[in-house]
*Asks:* 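One structure, as C-alpha cells, below. Some questions next.
Chain letters run A, B, ... following the sequence lines, proteins first, then strands; residues in each count from 1. All figures in this text were calculated on a predicted structure; none of them were measured in a lab.
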Amino acid sequence: MASELNLQFLEGVASEVAPRLLGCELERREGNQVIRVKIVETEAYDQTDVASHSYKGRTQRTDVMFGPAGYLYVYFTYGMHYCCNIVVGKEGHGAAVLIRAVEPVEGSEIMAARRGKSGVDISNGPAKVCQALAIDKKLNGHDLRSGVLRLIPKPDLPDEMIVQTVRVGISQGKDLPWRFYIKSNPYVSRPNS
DNA sequence: AGCGGGATTTTCT
DNA sequence: GAAAATCCCGCTT
C-alpha cells in the first residue's frame with residue numbers, strides 16, 4: 001500500500017522526474033535469483049519533444065507511454081537492442097524516462113554472465129542495462145509496483161551530485177538539456193558530455 | 001584511445 | 001524504403 005503511494009512523484013513532467021530517478025533502485029527477480037541495481041543515468045522524453053517516440057501521437061508501439069505513470073516502456077531498436085523507460089506524467093500524456101545506465105548493487109555476477117562482460121561494461125548503456133536485467137518485449141507495459149521488476153524509490157540526491165546535459169544518440173531535439181547522471185559515477189555511459 | 005562500419009528488424013513515410 | 005533514444009569488433013594511430 002505504502003509502496004503505491006511513494007511512486008507518486010512519477011506523475012510530474014519528464015524533465016523534472018528524470019533527475020529524481022537517479023539513485024532509485026530496480027529489483028529484478030527471476031525464480032530465486034535477485035538482481036538489484038541503482039539508476040545512475042536517465043533521459044527525459046515528452047510528447048512535446050520531437051525526439052520522443054510519443055511526439056507523433058499514440059500508436060500501438062507508444063501506447064504504454066500514454067498510460068499512467070509507473071509502468072515500463074520497452075522498445076526495440078537498431079535491429080538488435082532493447083531499451084527500457086519508466087512511464088511518467090499523467091495518463092493520456094505521452095512521456096517517459098529512459099534508463100541509460102545502472103550500477104549493480106546485488107547479483108552482479110548474474111549480470112556479468114548474461115552480458116559476457118565485466119566491470120562497467122555490464123551496464124553502462126541503455127541496451128546493456130536491458131540485457132543485464134533480462135528485459136525484453138515481454139516486460140513492455142509491466143507494472144513497476146509489483147512482480148518480477150520493481151522500482152524502489154529513494155530520497156532525492158543533492159543537486160551537486162547531479163550533472164545535467166544534452167541527450168545521446170538523437171538527431172532532433174539535440175539542444176534540450178534532458179540528460180541527467182550522477183557525478184563521477186563510473187557506470188555513466190558517456191561521462192565526457 | 002579513437003574512428004569506422006556492420007549487424008538486423010521494427011516502425012513510420 | 002530509410003532511419004533508428006545502440007553496441008561491438010577490428011583497424012589505425
*Asks:* Nearest heavy atom decides the nucleotide; on that basis, is A:Gly79 or A:Arg61 closer to the 5' end of DNA chain B?
*Replies:*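 Of the two residues, A:Gly79 wins.
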*Asks:* Between A:Ser15 (side chain only) and A:Ala44 (backbone N and O only), is there a donor and an acceptor less than 3.5 Å apart?
*Replies:*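 No; judged by distance alone, with no hydrogens or angles, the pair does not exist.
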*Asks:* Tell me, please, which residues at least two apart from A:Asn140 pass side chain to side chain donor-acceptor pair (under 3.5 Å).
*Replies:*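 Counting only residues at least two positions away or on another chain, A:Asn140 forms no side chain to side chain donor-acceptor pair (under 3.5 Å).
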*Asks:* Base, sugar-phosphate, or nothing for A:Lys174, non-hydrogen atoms under 4.0 angstrom?
*Replies:*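 The answer is nothing, as A:Lys174 stays clear of every strand by at least 4.0 Å.
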*Asks:* Under a 3.5 Å threshold, yes or no: a donor from one side chain and an acceptor from the other, between A:Ser189 and A:Arg100?
*Replies:*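 Checked: A:Ser189/A:Arg100 side chains pair up, N/O donor to acceptor below 3.5 Å.
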*Asks:* Does A:Tyr75 belong to the same Ile/Leu/Val/Met/Phe/Trp/Tyr cluster as A:Leu133, with side-chain heavy atoms less than 4.5 Å apart forming each link?
*Replies:*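 Different clusters: A:Tyr75 never reaches A:Leu133 through Ile, Leu, Val, Met, Phe, Trp or Tyr contacts under 4.5 Å.
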*Asks:* List the residues meeting ring-ring contact (aromatic ring centres under 6.0 Å, His included) with A:Tyr78, not counting sequence neighbours, and say none if there are none.
*Replies:*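 If we apply the ring-ring contact (aromatic ring centres under 6.0 Å, His included) test to A:Tyr78, skipping adjacent residues, there are no hits.
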*Asks:* Going 5' to 3' along DNA chain C, which nucleotides are the first and last within contact of chain A (any atom under 4.0 Å from a heavy atom)?
*Replies:*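 Going 5' to 3' along DNA chain C, contacts run C:dA4 to C:dC9.
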*Asks:* Going by heavy atoms in the side chains, are A:Leu7 and A:Pro153 under 4.5 Å from each other?
*Replies:*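 Counting from C-beta outward, A:Leu7 and A:Pro153 do come under 4.5 Å.
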*Asks:* Just checking A:Arg167: base, sugar-phosphate only, or nothing, at a heavy-atom cut-off of under 4.0 Å?
*Replies:*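 If one applies the 4.0 Å heavy-atom cut-off, A:Arg167 turns out to touch nothing in the nucleic acid.
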*Asks:* So with a 6.0 Å cut-off around CZ of A:Arg190, is the heavy-atom count from everything else above 12?
*Replies:*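 Atom CZ in A:Arg190 is not packed in, count stays at 12 or less.
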*Asks:* Going by the rule salt bridge (Lys or Arg N to Asp or Glu O under 4.0 Å), which residues pair with A:Arg150 if we only count those two or more places apart in sequence or in a different chain?
*Replies:*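 With sequence neighbours excluded, A:Arg150 shows a salt bridge (Lys or Arg N to Asp or Glu O under 4.0 Å) to no residue whatsoever.
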*Asks:* Going by side-chain hydrogen bond (donor to acceptor under 3.5 Å, both in side chains), A:Gln131 matches just one of A:Arg115, A:Lys117, A:Arg114. Which one?
*Replies:*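 Between A:Gln131 and the candidates, side-chain hydrogen bond (donor to acceptor under 3.5 Å, both in side chains) is satisfied uniquely by A:Arg115.
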*Asks:* Of all nucleotides in DNA chain B that come within under 4.0 Å of a heavy atom of chain A, which is furthest toward the 5' end and which toward the 3' end?
*Replies:*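 Reading along DNA chain B, I get B:dA7 to B:dT13.
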*Asks:* A:Ala51 near the nucleic acid: base, sugar-phosphate alone, or nothing, with a heavy-atom cut-off under 4.0 Å?
*Replies:*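 Base, at least one base atom sits under 4.0 Å.
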*Asks:* Please give me the minimum heavy-atom distance between A:Leu22 and A:Glu41, naming the atom from each residue.
*Replies:*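 Distance-wise, the nearest heavy atoms are CD2-N, 3.6 Å.
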*Asks:* Ring of A:Tyr45, cation from A:Arg167 - is the NZ or CZ under 6.0 Å from the centre and inside 45° of the axis?
*Replies:*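 Yes, a cation-pi geometry.
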*Asks:* Dot-bracket notation for DNA chain C is requested: 5' to 3', Watson-Crick or G-U wobble pairs only, both distances under 3.5 Å, with ( ), [ ], | and . as defined.
*Replies:* ||||.|||||||.
*Asks:* Please work out if A:Arg179 contacts a base, only the sugar-phosphate, or nothing of the nucleic acid, heavy-atom cut-off 4.0 Å.
*Replies:*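 Here A:Arg179 touches no strand at all.
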*Asks:* By nearest heavy atom, map A:Asp121 and A:Ile170 onto DNA chain C; which one lands nearer the 5' end?
*Replies:*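 Its nearest nucleotide lies further toward 5', so the answer is A:Ile170.
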*Asks:* If I pick the C1' atom on B:dC3 and the same atom on C:dA5, what distance separates them, to the nearest angstrom?
*Replies:*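 Per the computed distance, 22 Å lies between those C1' atoms.
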*Asks:* Select from A:Thr62 and A:Met80 the residue whose nearest nucleotide in DNA chain B is closer to the 5' end of that strand.
*Replies:*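 It is A:Met80 whose nearest nucleotide is closer to the 5' end.
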*Asks:* Within the structure shown, what part of the strands sits under 4.0 Å from A:Phe76 by heavy-atom distance: base, sugar-phosphate, or nothing?
*Replies:*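 Result for A:Phe76 = sugar-phosphate.
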